[in-house]
**Q** 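Would you mind keeping the following structure in view while I ask a few things?
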Amino acid sequence: MKKFYIALIFFIILITGKLHAQHEIMFSDNYPPYNYLNNEGKLVGFNVDILNAIKDIYKEDVFINSGEWYTINRALNNNEIDAIGGIHYPGSLDPNFIYTRPAINTSHCFLYNSNFHNKFSLEYVRTTKEPLIAMWKNDVLIRYVQSINPSAKFLFVTNYTDFINALDREDVTCIFGQRICAMYYAKSSYKDYVKPLNHRILERSMGFKVSKENPELAAILNNGLEVILANGEYQKIFDNSLAEYDEINNNWRIYLKYITLIGGLSLVILIFLIIVNRVLQNRVRTKTKDLREQLALNSQIMEELEEQKNKAEESDKIKTAFLANMSHEIRTPMNGILGFADLLKNTDYSSEKHSKFISIIQQSGHRMLDTINNIIEVSKLESGLEKPIIKAVPIKEIIRELRNFFHPEATLKGLSFVFKEKDSTLNQPFYTDEYKLNSILTNLIKNALKFTKKGSIEVSYSLHNGYAEFWIKDTGIGISKDKQASIFEQFVQADYSHTSGFEGSGLGLSISKGYVHLLKGHIKLESEPAKGSTFYVRIPNSIDNQQLLDKTTPTETPDLSILEKYNILIAEDDEISFVYLENILENIAEQIVRAKDGREVVELAKQSKSIDLIFMDIKMPHLNGFEATREIRKFNKEVFIIAQSAFTQENYKHKAKEAGCNAFISKPINQQKLLTLISKVTTEKVYF
Ligand code: ADP
């Protein structure tokens with residue numbers, strides 16, 4: 001019973017399958033590689049693949065079957081099936097059937113054995129006498145071959161195996177038949193020496209022959225062929241099933257691997273070259289960058305060298321000018337001093353002339369001292385030894401003194417000399433270094449007077465709790481733009497040629513600028529040649545700068561009447577300095593003893609306990625002034641020792657104090673100053 005049901009289900013499936021199949025198409029089962037049964041008995045081949053592809057597109061129910069040529073033709077003639085595929089179209093019109101567009105064109109050609117023939121050609125077939133040609137017995141084919149070579153002899157075959165095997169016979173010149181089928185059989189029997197001529201002869205279309213009753217199937221097949229041609233499916237099927245038997249494609253296939261290999265190799269080489277190129281490019285880029293940097297560096301170095309060379313040349317010029325200038329600045333006053341001193345010594349002049357000469361000598365001395373002081377000041381500023389001494393400064397008083405001091409000179413030159421106070425708000429003490437502020441303003445006013453021939457000099461100031469401002473404006477020769485920065489440098493003058501007209505060492509402005517900076521202020525210049533200059537100075541109130549405050553007691557006028565007669569020891573190796581001191585101390589001296597070096601002064605101090613006052617030169621042979629003082633202090637703490645030196649640095653003062661001196665006076669010594677100092681020392685013991 002169970003077996004019966006299973007058989008019934010199979011039967012139903014078979015029946016419904018048959019019923020649903022709308023079309024049935026048959027192929028010959030022995031026409032390789034177009035359509036044939038393979039080893040497993042399955043219908044395969046180019047035409048079958050083409051039909052399956054069309055079926056896939058239209059989802060048509062098509063039943064595919066196969067059989068012998070005779071059987072399938074009869075089935076179509078009897079309308080048992082709808083079409084047959086893989087059929088060559090007849091040479092003339094056949095009104096009983098519909099022929100679709102061709103699925104492929106077939107052709108015939110000559111094939112030869114490449115073991116027997118190196119070079120085989122159609123020309124060879126044409127010219128060989130009585131060539132033996134194997135082929136099917138077919139009138140059309142025979143006529144064609146005879147049209148090529150009328151002497152041709154034929155070996156007729158009835159199947160493809162005999163056809164291909166005929167080429168192994170040495171007496172067979174060549175075979176003539178369907179090109180792709182022949183090549184299929186040659187390949188299947190591994191006869192790779194079988195080669196076709198490229199000549200294509202008797203080209204014929206192969207496609208589907210459809211029953212007249214079924215025009216819609218013909219339309220489906222025609223459209224389907226068009227679609228698979230367009231979408232590339234046809235080419236895929238051709239490549240899969242026929243290409244290897246097509247000589248031209250075959251050649252292409254043989255060379256494909258070489259082409260692929262060469263292509264691959266070229267690609268690898270190309271990639272390698274691209275990488276090498278990239279690496280080289282990178283290296284070149286890095287190198288170029290390095291070179292560019294090197295070049296930039298070189299040109300920077302060159303620029304710096306050029307600048308240094310220019311500076312060196314400039315400084316050489318400045319040095320030469322400076323030396324000439326200095327020589328002038330020293331020789332001129334020296335000339336005054338020595339010349340007039342000589343006159344005084346040799347000739348008897350009236351007392352009027354006498355005092356005029358003395359005043360010239362004094363003026364010249366001051367001028368030289370100014371120059372020397374300036375040089376010392378610059379070197380102190382340079383070495384950083386100069387420190388501000390901050391205390392409350394009566395600015396207005398300083399300005400009044402400056403006006404009184406310079407007024408006569410300005411009037412003498414015919415200049416209008418104006419002082420103006422602008423919106424001052426100062427209502428508390430102003431702290432700064434009095435000496436330095438005075439020097440700055442003196443310098444600027446002195447320059448204004450020096451470089452102005454006509455017009456005016458105007459000094460304005462504005463005082464505030466936080467800062468003080470000063471403008472020194474003149475209508476003088478002015479300074480060109482390119483010189484405005486450099487004139488603040490040491491020894492620089494705007495125009496060396498005018499130095500003959502204007503005396504000066506080129507140090508004043510550099511000292512002023514140094515002082516302004518020490519006071520934490522700033523200095524600025526605005527000037528136009530031939531119109532005049534304005535120097536602007538701004539100084540802050542250093543009220544918070546407590547550590548710099550000068551703790552010394554304010555100076556009072558000393559009482560010189562208290563001076564007694566003293567026993568004085570002068571330690572001085574220089575004759576002139578000794579004679580000068582001896583003279584200015586004459587009036588207050590009981591007796592004056594001289595020591596010419598350090599050792600002698602210590603000896604004399606030991607011997608004569610009555611000595612009240614020692615003038616100690618610092619720079620002396622054997623023992624210097626500091627060492628000698630230290631020795632004396634070991635046995636005499638009472639004697640007053642006043643150090644005197646041409647060196648004015650602060651640290652000399654400090655050292656003198658440390659060694660045990662009571663005071664310090666710098667050379668050249670002024671009589672009034674010295675007597676004042678002695679009065680202070682004898683009353684206050686220590687005065688620095
Ligand atoms: P000097 O001793 O030569 O005056 P300074 O340092 O004071 O030295 O000045 C430097 C140079 O600046 C002067 O030689 C001069 O060329 C220029 N100079 C300074 N002040 C003035 C001014 N008020 N008018 C024109 N030129 C000035």
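As the structure lists them, so they are numbered: ligands from 1, and atoms in each ligand from 1. This chain uses plain numbering: 1 for the first residue, then up along the sequence.
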**Q** Could you walk me through whether E526 and K473 satisfy the salt bridge (Lys or Arg N to Asp or Glu O under 4.0 Å) test, starting with their C-alpha distance in whole Å, then the side-chain angles of each, then the deciding distance to 0.1 Å, before giving a yes or no?
**A** CA-CA 9 Å; E526 267 174 29; K473 185 176 175 191; over 6 Å; no
**Q** Under 4.0 Å from a heavy atom of S533: give me the atoms of ligand 1 that qualify, with their elements.
**A**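 Reading through ligand 1 atom by atom, the close ones are 24 (N).
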**Q** Does K524 have more than 12 heavy atoms from other residues, nucleotides or ligands lying within 6.0 Å of its NZ?
**A**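 Incorrect, the count does not exceed 12.
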**Q** Over 60° means perpendicular and under 30° means parallel, so tell me whether F488 and F535 are parallel, tilted or perpendicular.
**A** perpendicular
**Q** Could you work out, with side-chain hydrogen bond (donor to acceptor under 3.5 Å, both in side chains) as the rule, every residue matching T425, not counting sequence neighbours?
**A**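 T425 satisfies side-chain hydrogen bond (donor to acceptor under 3.5 Å, both in side chains) with H464 once adjacent residues are dropped.
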**Q** So is G476 in contact with ligand 1, going by heavy-atom distances below 4.0 Å?
**A**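 Flag not set, G476 not near ligand 1.
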**Q** Does the N or O separation between N443 and ligand 1 drop below 3.5 Å for any pair?
**A**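 No.
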**Q** Select one of side chain, backbone, both or neither to describe which atoms of F535 lie under 4.0 Å from any atom of ligand 1, heavy atoms only.
**A** side chain
**Q** Measuring from atom 20 (N) of ligand 1, which candidate in I457, N447, L525, T475 has the nearest non-hydrogen atom?
**A** N447
**Q** Is L509 touching ligand 1 with its side chain, its backbone, both, or neither, if touching means heavy atoms under 4.0 Å apart?
**A**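 Both parts.
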**Q** Give a yes or no answer on whether the side chain of N662 reaches the backbone of F640 with a donor-acceptor pair at less than 3.5 Å.
**A** no
**Q** Mind jotting down which residue pairs meet the side-chain hydrogen bond (donor to acceptor under 3.5 Å, both in side chains) criterion with at least one end in residues 576-586? Sequence neighbours excluded, please.
**A** D574-S577
**Q** Using a 4.0 Å heavy-atom cut-off, say whether L507 meets ligand 1 through its side chain, its backbone, both or neither.
**A** backbone
**Q** Based purely on interatomic distance, does I477 place a nitrogen or oxygen under 3.5 Å from a nitrogen or oxygen of ligand 1?
**A** no
**Q** With heavy-atom distances below 4.0 Å as the criterion, list the atoms of ligand 1 near G508.
**A** 5 (P), 6 (O), 7 (O), 8 (O)
**Q** Is the ring pair F626/Y652 parallel, tilted or perpendicular, if the boundaries are 30 and 60 degrees?
**A**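 Correct class here is tilted.
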**Q** Checking contacts here: is it the side chain or the backbone of K450 that comes within 4.0 Å of ligand 1, counting heavy atoms only? Could be both or neither.
**A**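 K450 to ligand 1: side-chain contact only, backbone stays beyond 4.0 Å.
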